[in-house]
Amino acid sequence: MGLTRQYLRYAPAALFGVVGSAKGNAAFVTLRGERGRCVAVPACEHVFVWDARKGEKVLILKGSKHEVSCLRPSPDGLHLAVGYEDGSIRIFSLLSGEASVAFNGHKAAVTALQYDQLGGRLVSGSKDTDVIVWDVINESGLYRLKGHKDAVTQVLFLKEKNLLVTSGKDTLVKWWDLDTQHCFKTLVGHRTEVWGMALLSEEKRLITGTADSELRVWDITYIQELEDPDEPESKKSKGSSPGAEKENEEDETLELDESPEERLLKCSKAGSIMREGRDRVVTLAMDRTGKILACHGTDAVLEVFSVLSEEEIKKKLEKKMKKAKKKAKQKSSEEDEHKGNVELSLQEEIQRVTNIRASAKIKSFDMIISPKEELKIVLLLQNNIIELHTLNLSAQVPQAVRASRITIGGHRSDVRTLAFSSDNIAVLSGAAESVKIWNRSTLQCIRTMDCEYALCSLFVPGDRQVIVGTKTGKLQLYDLASGSLMETRNAHDGAVWSIALSPDQHGFVTGGADKCVKFWDFELVKDESSIQKRLSMKQVRILQLDEDVLCVRYSPNQKLLAVSLLDCTVKVFYTDTLKFFLSLYGHKLPVLCMDISYDGALIATGSADRNVKIWGLDFGDCHRSLFAHDDSVMYLQFVAKSHLFFTAGKDNKIKQWDADKFEHIQTLEGHHQEVWCLALSPNGDYIVSASHDKSLRLWERTREPLILEEEREMQREAEYEESVAKEEQPVVAGETQGETGLAGKKTIETIKAAERIMEAIELYREETAKLKEHKAICKATGKEVPFPANPILRAYGNITPSEYVLEVFKKVKSSELEESLLVLPFSYVPDLLRLFNEHIHLGAEIELLCRALLFLLKIHFGQITSNQMLVTVIENLKKTTISRVSEARDVLGFNMAGLQYLKREIEAKDEVMFFADATDRFEEKKRKRKKKEKMILTVV
């Protein structure tokens, strides 16, 4: 067998250039015990935690493959729940940065996440219209709630009651009773999608934001409270301003539609608050204290409102009553009449504070009130910026102040050109507004220089200057040491599409939309302001062509110049005489990129027709045409000193090819949107790529050899795993297609877990059969021969086969247990039930085994009850399970009582409240002390 050619694998090294992706939401997180300083934002598949004050990246929570779509910090501030585009949810520890829990239940992107008051449950809403409630402590799914007909936009827990409110793009707001897991009420008073909602006034009101400029406010009255005679008047008051309200017929008939549903609560429209924005609501949220409400649309303005507390409402009402009495005395009319009429309008209860204008369109926000009564608001903007604003709420006219901005870590727009310096250390990236120089090893931005729309670039030999070609046809020369623009030349009448350095490094060539190829030489000119000479460029020749020039490349010996034209051909000219040499035609659409190999033997061209063609430069013959990408090929470059080349496409992929064997070697997947350009380092060890997802990615050549057969095998496995996940979900016997369902979904992990359980049971069957046989032989011969232990059981420390099955069970992830048992064939269930009986009798893993047992009984009820052989097993299970579970409950009860006793003892001993937040009380005492001091000073 002949030697196979060895390739080396390129692997992802880093992601940079992203401050925050606009697909997810920003959230304040508690880090090192400090609130309101660190902000978590999505960054493609990762989550970056930024220190808003210093503008530094503090923590990276690494994802795997899919983009982040939603974030939610836990109430204790120790964890962050992250939802992804594929429907998975991971919970990260903010102390270690590791993912502790993973949930798989949704089939599409997670759009909403919310913790309950204690952080024990997490609810998620998705584009697949389902709402799933997860048990965070047990790391498992509780149930799936089905009812929405379109994507879920917001989910909210009601603190005191076990209720859930969800809104969706299907114009509905649904109320769910989590005790019975069904929807008991649906609000149908919206004509357009409900994009956001919030609970306010201690959950006595619901505010919803839709596709218009109206924020609808709904009064919530709980049925228990209706029967309560001691309810204060202020709670019952329902303010509405006739000027601001837009009552429509749907809203008026709401009460009639919902009368049969009013079992737990009543919901009636209280009125409307008008926003200044005319477009749809993007985000609507309350802060944690319930004092501030804020919302924004698709523009750059955040509207902030303050919500009056019950005490403030009482005070206002009292003031109004006094005024009404005065007026009544003046008019000498009846007081009682006015007393009855006095009530606060909705606009008085929810007051506009201010509008905060950001520097670009707002994508999401989060807010927090500091102990100093200062509102901190973080804004994630569409153009890769995070802004932090502060608002002093105690001021008479609160004005927002921009405290900080995080901008240096990325460009405002897509990067359209990349270049490597000759020493492989510096990387240039150019976008519509600036050119940035990055250090490849630290990934820090060294220089930022303002420019026009950059389309192509190169490092001048010596790496002290860079030249940028722009969309307006200019060439801009920058000095890196000072970061200043040294010279601007009007090179072309249209865009400068391409620039190429001459191999002798004395000059360069540019191609533009004005059908010209221009040759330039570097020269040193005397500067008027200083004695020293500075670098400049002078035009030496022009080659006029019939079509727009899209790309130009020199051959390594500088004899030939290849020019790609808008007529889908590539023309090759002699460099010295500019005489025509070859025409390469065959592409159906224009050639957008090309490169010539190091020895000048091959030219590879990439086109908008999705093909790459490899040509010989001696005769211009096409060696092979390769279908390279599923969309336009945007960039192509050969690896130094080889016939391997990389292509970047609009299909989000970067691919490596062998131009001698015409084989596809490797696909670099990571970008989530179109890849615009890439740059290979001169030594071929590094690749930098830029994409429409605003990210720059660094790829590194490893020492790991890449074997093509193995690569193809891995690709096939990945395709199979993907197809398995897309298969129909198994049907649970006896479960109707109603409002609820199982939380999990079938994934490759659940199938593998089921296979491991099956293998363990098979081993148990074999070993028990062998043991019986061995005992029979020993009995027949009358000799005691030691039984040979199975190597797998020996590896686990000479455990019994039944203990091995339990070990396998314990290793199944809690969130995947039900789905794994659902896939398990019934033939394995009888053995499992016998093993469960044995282990529960011994008191091992009671909670886990009872959960699995009850689930198996639920899904295989018919087959188990009809099987006569399992009757005794079920009877034994019934006895052992009840006794063991009651024992476990007794132990838990005893422990709880003991802990409560210890808590009371410590509190009595130290006169402190244990497990209570002492800081809040301390702040309150401080405030009271200051007030007293002020009063004493005024008296003095």
Side-chain angles (χ1 to χ4, degrees), residues 70 72 74-76 79 81 83 87 89 91 101 103-106 110-126 128-149 151-168 170 172-187 194 197-200 202-206 208 218 220-226 258 260-267 286 732 735-745 814-815 817-818 847 851 854-855 858:
C70 192
R72 183 66 58 190
S74 63
D76 60 7
H79 296 90
I89 299 162
I91 297 174
V101 186
F103 295 130
N104 276 304
H106 293 292
V110 177
T111 51
L113 286 170
Q114 194 72 46
Y115 277 96
D116 69 354
Q117 197 177 2
L118 296 170
R121 287 178 301 173
L122 176 72
V123 64
S124 61
S126 165
D128 65 3
T129 75
D130 289 349
V131 174
I132 302 179
V133 182
W134 307 93
D135 185 339
V136 177
I137 296 154
N138 197 29
E139 298 180 14
S140 63
L142 293 173
Y143 38 81
R144 184 187 297 263
L145 303 170
K146 305 170 190 174
H148 283 285
K149 299 287 183 285
V152 177
T153 54
Q154 183 63 288
V155 286
L156 297 170
F157 271 109
L158 268 74
K159 285 175 191 168
E160 302 304 322
K161 297 159 181 68
N162 198 20
L163 303 177
L164 183 71
V165 199
T166 61
S167 65
D170 54 1
L172 303 176
V173 173
K174 286 183 173 282
W175 296 80
W176 306 84
D177 182 356
L178 298 183
D179 292 326
T180 56
Q181 296 158 29
H182 86 287
C183 174
F184 66 89
K185 190 177 193 63
T186 304
L187 271 185
V194 181
M197 61 175 179
L199 288 160
L200 42 119
E202 292 175 359
E203 298 182 347
K204 298 283 191 298
R205 276 204 170 131
L206 178 75
T208 56
W218 310 83
I220 304 165
T221 322
Y222 301 101
I223 300 298
Q224 301 96 301
E225 287 175 14
L226 279 178
E258 293 174 350
E261 298 176 336
E262 284 166 3
R263 191 173 57 81
L264 295 170
L265 54 84
K266 280 187 175 180
C267 199
M286 286 288 293
V732 182
E735 194 174 277
T736 56
Q737 293 295 312
E739 285 183 331
T740 56
L742 282 176
K745 71 169 181 180
S814 183
S815 57
L817 183 66
E818 277 87 359
E847 196 181 333
R851 186 177 149 202
L854 294 171
F855 185 74
K858 180 185 167 186

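Residue numbers run from 1 in the order of the sequence given. Just so you know, these numbers come straight off a predicted model, no measurement behind them.
- In this structure, the separation between CZ on F855 and CD on E818 is 5.5 Å, given to the nearest 0.5 Å.
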#### Entry: Chi angles and distances behind the side-chain contact (heavy atoms from CB on, under 4.5 Å) call for V173, W218
CA-CA 11 Å; V173 173; W218 310 83; over 6 Å; no

#### Entry: Verdict with supporting geometry, K149 and D170, salt bridge (Lys or Arg N to Asp or Glu O under 4.0 Å)
CA-CA 6 Å; K149 299 287 183 285; D170 54 1; over 6 Å; no

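- Under the 3.5 Å distance criterion, the side-chain polar atoms of S74 are left unmatched by any main-chain donor or acceptor of G119.
- Below 30°, between 30° and 60°, or above 60°: for F103 and W134 the angle between ring planes is below 30°, a parallel geometry.
- Contact annotation: the side chain of R121 approaches that of L178 to within less than 4.5 Å [non-hydrogen atoms, C-beta and beyond].
- Closest of all the heavy-atom pairs between H106 and G87 is CB-O, 3.5 Å.
- Checked options T129, T186, T166; the residue passing with H148 is T166 (criterion: side-chain hydrogen bond (donor to acceptor under 3.5 Å, both in side chains)).
- Residues H79 and V101 form no side-chain contact, since every pair of their non-hydrogen atoms from C-beta on lies 4.5 Å or further apart.
- When each of I132, D130, V131 is tested with S124 by the rule side chain to side chain contact (heavy atoms under 4.5 Å, CB included), just one qualifies, namely I132.
- Between the CG atom of L187 and the SG atom of C267 there is a distance of 4.5 Å, given to the nearest 0.5 Å.
- Side-chain atoms of T111 come within 3.5 Å of backbone atoms of G125 as a donor-acceptor pair (strictly under, hydrogens ignored).
- Looking only at side-chain heavy atoms (C-beta outward), L122 and I91 come within less than 4.5 Å of each other.
- L163 has its side chain within reach of D177: a pair of non-hydrogen atoms, C-beta onward, lies under 4.5 Å apart.
- E203 has its side chain out of reach of I220: every pair of non-hydrogen atoms, C-beta onward, lies at least 4.5 Å apart.
- Taking every heavy atom of both residues into account, Y115 and A81 meet most closely at OH-CB, 3.7 Å.
- Here SG of C183 is found 10.0 Å from CG of L164. Values are rounded to the nearest 0.5 Å.
- Here the shortest heavy-atom pairing between G105 and R144 reads O-NH2, 2.8 Å.
- Between atom CH2 of residue W175 and atom NZ of residue K161 there is a gap of 10.5 Å, rounded to the nearest 0.5 Å.
- Remark: the S814 side chain and the R851 side chain contain an N/O donor-acceptor pair separated by less than 3.5 Å.
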### Query
Please walk me through it: do L156 and Q114 pass side-chain contact (heavy atoms from CB on, under 4.5 Å)?
CA-CA 6 Å; L156 297 170; Q114 194 72 46; 4.0 Å; yes

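- Contact check for Q181 versus L145: side-chain heavy atoms found under the 4.5 Å cut-off.
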### Task
Kindly indicate, with the supporting measurements, whether the criterion side-chain contact (heavy atoms from CB on, under 4.5 Å) is fulfilled by T208 and S167.
CA-CA 9 Å; T208 56; S167 65; over 6 Å; no

